[in-house]
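So the structure is just underneath, and the comments pick up after that.
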Amino acid sequence: MKGQKKFYLLLIILSLIALFLISCNNNKDKTGTEERKLSYYAGNWYGKPDEKTAEMNILTINADSSVILKDGTNPDVTIPSNSVTRVSDTNYTTIYNDSSVNIDVKLTLIFSSDTQGKLTMETETETDPAIVDITKK
């Protein structure tokens, strides 16, 4: 009888451990890795917009996944993290209003590595979106 009690106690403990391990896996996607957020790419990103020769700080990704877009002519635009949509681990989109011309601009960030990517800016009125290679520094 004592052996049977120990067996049931062991079975209950193993069941609780299994439930705990299953609940810990809820934050993982189908590949078994944790879902990457935009904050993974936090830092200052540089590029050469409009065929300029000198690189400039185009955007900053913050640890809270918000984005500061540095226009150069207009004041910096802060895009809150809840306005950024994760398409995949390497692809993020958002829309913000360029108040200087009152046009909505769709931004797409596509990262090819931890320090390289592309920023695409497009509006409903443009047929040719602006694409800038960006580098984290």
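Since the structure is predicted, the reported quantities are computational estimates derived from the model, not experimental observations. For this chain, numbers begin at 1 and follow the sequence in order.
- Following chains of ILVMFWY side-chain contacts shorter than 4.5 Å, one cannot reach I110 starting from I131, and the two form parts of different hydrophobic clusters.
- In this structure a side-chain-to-backbone donor-acceptor pair under 3.5 Å is present from N57 to W45.
- The closest side-chain heavy-atom distance from I61 to L38 is below 4.5 Å.
- Formation of a donor-acceptor pair under 3.5 Å by the D89 side chain with backbone atoms of R36 is found in this model.
- Contact annotation: the side chain of I58 approaches that of L119 to within less than 4.5 Å [non-hydrogen atoms, C-beta and beyond].
- A parallel orientation is assigned to the rings of F111 and Y41, their planes being inclined by less than 30° (bins at 30° and 60°).
- Checking side-chain atoms of D104 against main-chain N and O of K106 turns up no donor-acceptor pair under 3.5 Å.
- Counting only heavy atoms from C-beta outward, the side chains of K137 and T115 never approach each other to under 4.5 Å.
- Tracing side-chain contacts under 4.5 Å through hydrophobic residues (I, L, V, M, F, W, Y), one reaches Y40 starting from L109; they form part of the same cluster.
- Counting heavy atoms from C-beta outward, L69 and L107 have side chains that approach closer than 4.5 Å.
- Scanning both residues, S65 and S39, for their nearest heavy atoms gives OG-N, 3.0 Å.
- Y96 is connected to V67 through a chain of hydrophobic side-chain contacts under 4.5 Å among Ile, Leu, Val, Met, Phe, Trp and Tyr, so both are in one cluster.
- For the pair D76 and T60, the minimum side-chain heavy-atom distance is 4.5 Å or more.
- The backbone N or O of T94 sits nowhere less than 3.5 Å from a side-chain atom of T85 that would complete a donor-acceptor pair.
- Of the possible polar contacts, one joining the K136 side chain to the A42 backbone as a donor-acceptor pair under 3.5 Å is found.
- For the atom pair T120 OG1 and N91 CG, the distance stands at 9.0 Å (nearest 0.5 Å).
- Here the straight-line distance linking atom CD of E55 with atom OG1 of T135 works out to 5.5 Å at 0.5 Å rounding.
- With values rounded to the nearest 0.5 angstrom, M121 atom CE is found 10.5 Å from T108 atom OG1.
- For the pair N62 (side chain) and D64 (backbone), a donor-acceptor distance under 3.5 Å is absent.
- In this structure, CD1 on I95 lies 8.0 Å from CD on E124, to the nearest 0.5 angstrom.
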*Going through the distances and angles, do T93 and V84 end up as a side-chain contact (heavy atoms from CB on, under 4.5 Å)?*
CA-CA 6 Å; T93 62; V84 178; over 6 Å; no
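- Annotation for P129 and E122: closest pair CB-CB, 3.6 Å, computed over non-hydrogen atoms.
- Linking ILVMFWY side-chain heavy atoms closer than 4.5 Å, directly or via other members, places V77 and M56 in a single hydrophobic cluster.
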